[in-house]
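Residue numbers start from 1 in every chain, and the chains themselves are labelled A, B, ... in the order their sequence lines are given, proteins ahead of strands. Side chains are part of it too, since the values below use all heavy atoms of this structure and drop only hydrogens, waters and symmetry mates.
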Protein chains: 2
Amino acid sequence: MLKLTKKADYGLMALKYLAERPDTPALSAKDIADAYGIPAQLLAKILQQLTKKGLLKSHAGMNGGYALSKPAASISAYEVILAIDGPFFITSCTKGAHGCDLTPSCTIKEPLARVNETIAGVLKSISIQDLAEHEHPSGQAPEPKLVTLTI
Amino acid sequence: MLKLTKKADYGLMALKYLAERPDTPALSAKDIADAYGIPAQLLAKILQQLTKKGLLKSHAGMNGGYALSKPAASISAYEVILAIDGPFFITSCTKGAHGCDLTPSCTIKEPLARVNETIAGVLKSISIQDLAEHEHPSGQAPEPKLVTLTI
DNA sequence: TGAACCCGGACTGTAACGGTCGTATACTAA
DNA sequence: TTAGTATACGACCGTTACAGTCCGGGTTCA
């Protein structure tokens with residue numbers, strides 16, 4: 001279906017939420033979960049993953065919580081999805097593990113791999129800040145990005 | 001994981017296989033399945049779906065099988081994936097059904113919807129013929145395609 | 001000390017995916 | 001007309017992954 005998981009969605013939402021509040025020292029998982037109406041325990045696990053990957057900094061104890069470990073502009077959507085869902089490949093046979101278990105004539109993977117790279121490139125070009133800044137009612141040119149694809 | 005299903009993979013492989021043999025009147029599901037070592041019954045179901053969507057023409061009986069219903073150049077990978085896996089959206093909440101069941105502040109969907117359109121555009125720009133023509137050993141510029149994305 | 005918070009493993013229910021089986025139907029050739 | 005080959009289609013099943021919950025533990029601060 002080519003869709004990313006809810007976990008990744010939640011993660012992006014949480015990072016966006018943090019990016020919009022750079023002045024607060026830390027926000028608890030519960031705070032963010034309540035803001036969006038998502039399960040707090042689930043979000044907590046997601047934030048823990050992001051922390052382990054270095055995208056967030058955590059602080060335990062009273063008034064603890066999570067904060068971005070680097071500027072929102074330097075965190076790409078790609079990093080977030082990668083941290084939560086692991087490496088994704090559009091083709092079922094990743095060719096990284098042990099090639100394709102099907103016959104060697106599975107020649108469609110190669111062109112699809114290019115598509116995969118293109119998608120990754122698009123996601124890499126989107127930062128959390130881009131998401132957070134999208135709060136404009138209307139009427140501004142949000143700088144189009146160009147992507148090239150060679151089959 | 002952002003990966004397309006094996007069914008879609010199989011469908012693309014089968015169409016590519018047909019596109020490489022435009023002179024044959026029809027190929028049975030078993031022939032194609034054997035060529036790639038994939039389950040014949042499963043491929044048959046996939047080809048039936050593609051037939052129902054109008055991408056293939058079927059012919060029962062002796063020497064029957066499937067054939068492309070239109071030139072390979074005018075069948076896009078997007079159509080194939082859409083026919084097999086149904087409409088895909090990168091966001092979990094499609095906004096088509098009944099909006100987002102989460103709080104109204106789920107503002108990350110909009111930029112991700114752009115990404116979704118970009119991916120769809122990429123897949124639409126790839127034809128079955130592109131896949132079939134990829135049989136070159138090396139040394140030719142396969143015309144790069146450009147894609148624009150505005151967040 | 002205790003409340004508030006993070007950490008992380010174990011567990012569960014549901015749904016989709018991948019695949020199989022069996023049967024009915026359609027067509028062609030001998 | 002009959003046998004064989006093929007599609008058509010629905011029912012079924014095992015596995016996996018996703019989404020979510022539960023609980024025991026460790027930190028920090030008031």
Side-chain angles (χ1 to χ4, degrees), chain A residues 1-11 13-14 18 24-34 36-67 69 81 84-89 91-93 101-102, chain B residues 1-11 13-14 18 24-34 36-67 69 81 84-89 91-93 101-102:
Chain A
M1 292 267 214
L2 202 56
K3 83 167 93 171
L4 48 89
T5 63
K6 266 188 184 177
K7 287 184 186 177
D9 263 349
Y10 293 162
M13 288 161 65
L18 287 171
T24 60
L27 286 168
S28 76
K30 189 176 182 308
D31 288 340
I32 306 174
D34 287 348
Y36 289 108
I38 60 185
Q41 303 222 47
L42 180 57
L43 182 62
K45 296 186 82 161
I46 296 168
L47 297 181
Q48 285 164 30
Q49 283 187 69
L50 293 175
T51 301
K52 215 162 22 173
K53 300 284 180 176
L55 299 179
L56 288 179
K57 281 187 177 175
S58 65
H59 189 58
M62 280 278 294
N63 300 325
Y66 297 92
S69 67
I81 297 171
I84 296 176
D85 286 342
F88 60 84
F89 297 94
T91 52
S92 305
C93 39
D101 48 345
L102 300 179
Chain B
M1 291 263 211
L2 202 57
K3 83 167 94 170
L4 48 89
T5 63
K6 267 188 183 176
K7 288 185 185 177
D9 263 349
Y10 294 162
M13 289 161 65
L18 288 170
T24 60
L27 286 169
S28 77
K30 189 177 183 306
D31 288 340
I32 306 175
D34 286 348
Y36 289 108
I38 60 184
Q41 304 223 48
L42 180 57
L43 181 63
K45 295 184 80 162
I46 296 168
L47 297 182
Q48 286 163 28
Q49 283 187 70
L50 293 175
T51 302
K52 214 160 26 170
K53 299 285 182 177
L55 298 179
L56 289 178
K57 280 185 179 177
S58 65
H59 189 58
M62 279 276 294
N63 300 324
Y66 297 90
S69 67
I81 298 171
I84 297 176
D85 286 343
F88 60 84
F89 297 94
T91 51
S92 304
C93 40
D101 49 344
L102 300 179

Encode nucleotides 25-30 of chain D as B, S and - characters from 5' to 3', where the letter depends on protein heavy atoms closer than 4.0 Å: B to the base, S only to sugar-phosphate, - to neither. --BBB-
Hey, does I38(A) have a side-chain heavy atom less than 4.5 Å from the side chain of D9(A)? no
So what does A26(A) hit on the nucleic acid, given a heavy-atom distance under 4.0 Å: a base, only sugar-phosphate, or nothing? nothing
Determine, step by step, whether L42(B) and K7(B) satisfy the side-chain contact (heavy atoms from CB on, under 4.5 Å) criterion, reporting the C-alpha distance in whole Å, the side-chain angles of both residues, the deciding distance to 0.1 Å, and the verdict. CA-CA 8 Å; L42(B) 180 57; K7(B) 288 185 185 177; 4.3 Å; yes
Any side-chain N or O of S58(A) less than 4.0 Å from the OP1 or OP2 oxygen of dC7(C)? yes
Taken to the nearest whole Å, CG/L42(B) to C1'/dT7(D) is 15 Å
Taking all non-hydrogen atoms of both residues, which atom of A33(A) and which atom of L43(A) are closest, and how far apart? N-CD2, 3.5 Å
Helical bend (five base pairs per end, nearest 10°) for the helix from dT1(C)-dA30(D) to dA30(C)-dT1(D): 10°
Correct closest heavy-atom pair for L47(A) and A14(A) would be CD2-CB, 3.9 Å
Between Y66(B) and dA8(D), is there a side-chain N or O to OP1/OP2 distance below 4.0 Å? yes
Whole Å only: how far is the CD1 atom of I38(A) from the P atom of dG20(D)? 9 Å
Rounding to a whole Å, what distance do you find between L47(B):CG and dG19(C):P? 14 Å
Between L18(B) and I32(B), is the side-chain contact (heavy atoms from CB on, under 4.5 Å) condition met? List the steps. CA-CA 8 Å; L18(B) 288 170; I32(B) 306 175; 4.2 Å; yes
Please report the distance, rounded to the nearest Å, between CG in L4(A) and C1' in dA19(D). 15 Å
Can you find a side chain N or O atom of Y10(A) that sits less than 4.0 Å from OP1 or OP2 on dG20(D)? yes
Describe the nucleic acid contact of K30(B) in one word from base, sugar-phosphate, nothing, applying a heavy-atom distance below 4.0 Å. nothing
Expressed as a whole number of angstroms, how long is the span from Q48(A):CD to dG9(C):P? 9 Å
Qualifying residues under side-chain hydrogen bond (donor to acceptor under 3.5 Å, both in side chains), relative to T51(B), sequence neighbours excluded: none
Here the distance between atom C1' of dG20(D) and atom CG of L43(A), to the nearest Å, is 13 Å
Quick one: K53(A) NZ to dC7(C) P, roughly how many Å, whole number? 15 Å
Within this structure, what is the CD1-to-P distance between I84(A) and dA17(D), rounded to whole angstrom? 18 Å
Shortest non-hydrogen contact from P25(A) toward A67(A): O-CB, 3.5 Å
Given 3.5 Å as the limit, does a donor-acceptor pair link the side chain of S69(A) with the main chain of L55(A), or not? yes
Let me spell it out: for each of Q41(A) and A8(B), pick the nucleotide of DNA chain C with the closest heavy atom. Which residue's pick is nearer the 5' end? Q41(A)
Testing H59(B), Q48(B), K57(B) for side chain to side chain contact (heavy atoms under 4.5 Å, CB included) with Y66(B), which one passes? Q48(B)
